[in-house]
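The next block holds one structure in the form of structure tokens; read it before the comments.
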Amino acid sequence: MPELSTRFDFKKVESFWCKYWEDNNIFHGQVHPDKKSYSIVIPPPNVTGILHMGHALNNTLQDIIIRYKRMQGFETCWMPGTDHAGIATQNVVEKKLAKEDKTRYDVGREEMLKQLWAWKKEYGDTIINQLKKLGASCDWSRTRFTMDDQYSEAVRLVFVKLYEKGLIYKGKYIINWCPRCQTALSDEEAEHKDHQGSLYYIKYPIKDAQTNGLQFLTVATTRPETMLGDTAVAVNPNDERYKNVLGRTLILPLMEREIKVISDDFVKPEFGTGAVKVTPAHDPNDFAMGQRHQLEFLNVMHPDGKMNELAGEFSGIDRFEAREAILDALEERKLLEKVEQHAHAVGHCYRCHTVVEPYLSKQWFVKMRPLAEPAVQVVKEGKVKFHPERWTKVYLNWMENIRDWCISRQIWWGHRIPVWYCQDCPQDQNIIVSVKAPAKCPQCQSTNLIQDEDVLDTWFSSWLWPFATFGWPENKADVNFFYPTSSLFTASEIIFFWVARMVMAGLEFIGDIPFEDVYIHGTVRDSKGIKMSKSLGNAIDPLEIIGEYGADALRFSLIINSGQDLYISKEKFEVGRNFANKIWNASRLVLMNISLEERNIDLTKDVDTTQLDLASKWIISKFYITLKKIDLAIEKYRFSEAENLIYEFFWHNYCDWYLEIIKNKFDDPNIQKVAFAILENFIRITHPFMPFVTEEIWKNLSVKEGALAIQAWPDLKKELIDEKSSEQMQTVIELITQIRNIKAQWNIKPQQKIDLAFSSTKKENWLTDNEDILKKIGNIDIVSYQEQLDIKEAATGLVEQVKFAIPLGSLIDIEQEKKRIIIQKDQHTKNCVSLEKRLGNQKFLDKAPEAVVAKEKERLVTLKDKIKELETVIQNIG
RNA sequence: GGGCGGUUAGCUCAGUUGGUUAGAGUGUCACGUUGACAUCGUGAAGGUCACAAGUUCGAGUCUUGUACCGCCCACCA
């Protein structure tokens, strides 16, 4: 056996196994006639940058379940890949250009795309490498990108299908416009943030107002600059205050344009003045009113946020400067009645955080209602399940109020919209929608075609991820075998962006759900609770942790902290590092002490478990009890619980007790076998959580050739769970713990041997058989049994509960001990009273389960016994 | 405005259908190392389970309300 170092050297080990797994194609999944499939598609990380802690968490979770299922014999496939992330990636490359004082227009579309692809290559590769370092057991041969040729074809095909079904349309609507990115955004991409703004009250003069009548109609607005595009003022039809002005004409200040006063139910009389300016081209509500009342749509802004020529004297000024200028101008004309503080939500671009502008523009949309209905059904029927369950409601609520999806983006990085316009056909009849670029116009045969300049929303490709990655529509076999996928792991932020849309796409294009279980995990935050992000500078780089503590440590520590949101600081990773090291060293101990020829041990066949010592029976039982709980926890996606079980079992059962007990008994072949078999099985079940250290140990155990990653998950052998032995061992543990306590209290050094006498009435045979444990672990030298303990002699050491006495009178302070005993007696008496009260309650006897009542009764008896005993002791000591 | 989650030891969190004396990790303190591991071992201290009321024989757990923290959704200009 090779010399093993006393520290787990993760650096060497990790790179070795990464390479080994990949070179041997361990994680490749393929259609298999006799096996069930278990598949996961990775939430493809954006190629905008490198992986952060959130990715580490997300991918560790997936890796745990896929490794678990692989060991259970499923044909597994974990699909890796990356997302082109449209606007986000274009933004980072634009930022790079900006450092050279260039814009995308300076370099042109073609060159820009070249640079984008170069960026994608660099960061895409980095991301895949980082995933490998984390230990992710993806099927690397399948690595996909949302803009692969075949994938792009699927995207275009989907567009064509939806278009032909009438679910895609083009139209002029108010969309969220980012003046910096100069593109449309979907509703989900406009992040609303609370903003302490102002509400401006502006007086609109009434035309032909009577000198003694109302001269002005005052409206309230948060965006005065849009008033330049007003084409009406609306009041509620039931608002008595404005009955008289309804239908009259106002003079729009600054523009001196005539606009009408209209009535609309939308207007809430209690807000502001009850009169609202209507700007149909710059506000979604006003847009709707504009349509209802056939108003004019006046767009007063350029796409870059500057006022346009329709803004008169304000033309060319940026929207926010224009706001100030307009307010000044109004003030000058005494038309600004007042300004109030007003908190409201303002939309921001989710990528560059610029304030978005509701903007009238012609865009492509997907009609969502017909797609949403079946997607609501499958969740209601439980075919797609959320974990934790509460997210179901969030999903359904969004789905049931879904709005059409704006899918066109005025950027260059992405899937070009598969629409061509014939330049020789009349407008509105010149649209050609096609998967492949058409050579000529099907109507007029003209070759004078131009493709739509826009690209598709990045999510328009991501929503096909669960089947397009498996080769849809070409590769039917893979799709049939691996689709629907089994589970999806993601953060709550993208339930709407991605999860919901994948359900819709799966049902629409494949006719089946994309996944059965959706596991929503928490957000990774720093120790102050602030979301980790590169821009805030509070991020902990997973690679740094891997370098310092190891990938296993990173994985283990993240998962054990992953109940809800995670508050992470660097020290938290010590748990994982220490545990990996503990596993390593315990394995060393076992390996150094065994001389087994045959290492493939089956505990049911190769060991006569009935002849085993108490501790061995106990550790076997403990293992299988733990295994059962772990299986349950993983199936319920309770990974932190599973890790806790593993940690507790190994450290506090196997190492602290079992190995300590058997340390000097390694010459017993049965003990060797048990110690080895339990370690070997433990290594198997720990593998999904800590793949590297377990692979390395597995190699040293030399049970079998081949990677641990493809070994079988242990069967639950219920027949090896020996409850009696478990209980007895538990008593021994308690005994020893009690003695340790006493020693600590009495300032006796732990290693100092003491004598122990059992009262014979409480002596049990099994205990005499296990004196060796007491001697060795408890440092108890002589165990003697006496008919009747000399109470006086034993009094000072009498420790109820554990049913034994330590005659150590010379070593302890009798007065102090007396006090202790009296306090104890009082406490017991108190407990006794409350217990008697409870047991005297008829309702309790009637309603509580029998087992509870029986236990309570038993407890009362023991309590009374103890009190008596203590009383005698007190008497005896005087 | 609507919805969701949280509040348990100094810190980070478990606590599964209500059932003995509420647990762990970490930190603190004490003691300990003759060869698995100091990334270790043994032990101690530390909790009115946010607050209030209710249901119950019994509440950290269920109900209602309050406070604070966090998140998501929403077109009140």
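Every chain is numbered from 1, with letters handed out A, B, ... down the list of sequences.
Base-pairing analysis of RNA chain B finds the following stems of at least three consecutive Watson-Crick or G-U pairs, with both pairing distances under 3.5 Å: B:1-7 with B:67-73, B:10-13 with B:23-26, B:28-32 with B:40-44, B:50-54 with B:62-66.
Rounding to whole angstrom units, CE of residue A:M592 and P of B:C37 are separated by 7 Å.
Residue A:N841 is in sugar-phosphate contact alone, with no base atom involved, counting any heavy-atom pair closer than 4.0 Å across all strands shown. Using a 4.0 Å heavy-atom criterion, one finds that A:T737 contacts the sugar-phosphate atoms exclusively. Using a 4.0 Å heavy-atom cutoff across all strands shown, A:H282 reaches no nucleic acid atom at all. Residue A:H344 is classed as a sugar-phosphate contact, given heavy-atom separations below 4.0 Å to backbone atoms only. Across all strands shown, A:V276 has heavy atoms under 4.0 Å from base atoms, whether or not it also approaches the sugar-phosphate.
For the C1' atoms, the distance linking B:C13 with B:A53 amounts to 29 Å, nearest Å. Across the P atoms, B:A14 and B:A52 are found 24 Å apart, a figure rounded to whole Å. Rounded to whole Å, the separation between the C1' atoms of B:G15 and B:U8 comes to 9 Å.
The residues A:K570 and A:E548 are annotated as salt-bridged, a charged nitrogen and a carboxylate oxygen being separated by less than 4.0 angstrom. Of the charged side-chain nitrogens involved, at least one lies within less than 4.0 Å of a carboxylate oxygen, so that A:R223 and A:E357 count as a salt-bridged pair. Taking the charged nitrogens against the carboxylate oxygens, A:K338 and A:E340 do have a contact shorter than 4.0 Å, which makes a salt bridge. Using a cutoff of 4.0 Å between basic side-chain nitrogens and carboxylate oxygens, A:E850 and A:K857 are not scored as salt-bridged. Salt bridge status for A:R859 with A:E856: present, with a side-chain N to carboxylate O gap under 4.0 Å.
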Would you tabulate the nitrogen or oxygen pairs shorter than 3.5 Å linking the protein to nucleotides 44-50 of chain B?
residue, atom, partner, partner atom, Å
B:A44, OP1, A:N741, OD1, 2.5

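Taking the six-membered ring where tryptophan is involved, the planes of A:F579 and A:F650 are perpendicular, since the angle between them exceeds 60° and thus also 30°. Taking the six-membered ring where the residue is Trp, A:F573 and A:Y549 present tilted rings, their angle falling between 30° and 60°.
Side-chain atoms of A:E660 come within donor-acceptor range of the base of B:A36, with a qualifying N/O pair under 3.5 Å.
Among the nucleotides B:G41, B:G19, B:U20, the one closest to any side-chain atom of A:K855 is B:U20. Checked against B:A36, B:U39, B:G25, the side chain of A:Y647 finds its nearest nucleotide in B:G25. Here the side chain of A:A345 is nearest to one of B:G41, B:A74, B:G19, namely B:A74.
A sub-4.0 Å separation between OP1 or OP2 of B:G41 and a side-chain N or O of A:W651 is present.
Contacts between residues 261-272 of chain A and RNA chain B, defined by a heavy-atom separation below 4.0 Å, involve A:F266, A:V267, A:K268, A:F271, listed by number.
Of all heavy-atom pairs between A:T279 and A:T226, the closest is CG2-O, 3.1 Å.
Nearest-nucleotide assignment on RNA chain B puts the 5′-proximal partner with A:K663, out of A:K663 and A:K847. Where A:K393 and A:A848 meet RNA chain B, the nucleotide closest to each residue was compared, and A:K393 sits on the side nearer the 5' end.
Side chain to side chain, A:N644 and A:E648 fail the donor-acceptor criterion of an N or O pair below 3.5 Å. Between A:N176 and A:D187, the side chains place a donor N or O and an acceptor N or O closer than 3.5 Å (distance only, hydrogens not considered).
For A:H387 and A:Y637, the ring centers sit closer than 6.0 Å to each other. Side-chain rings of A:Y395 and A:F386 approach one another, their centers coming within less than 6.0 Å.
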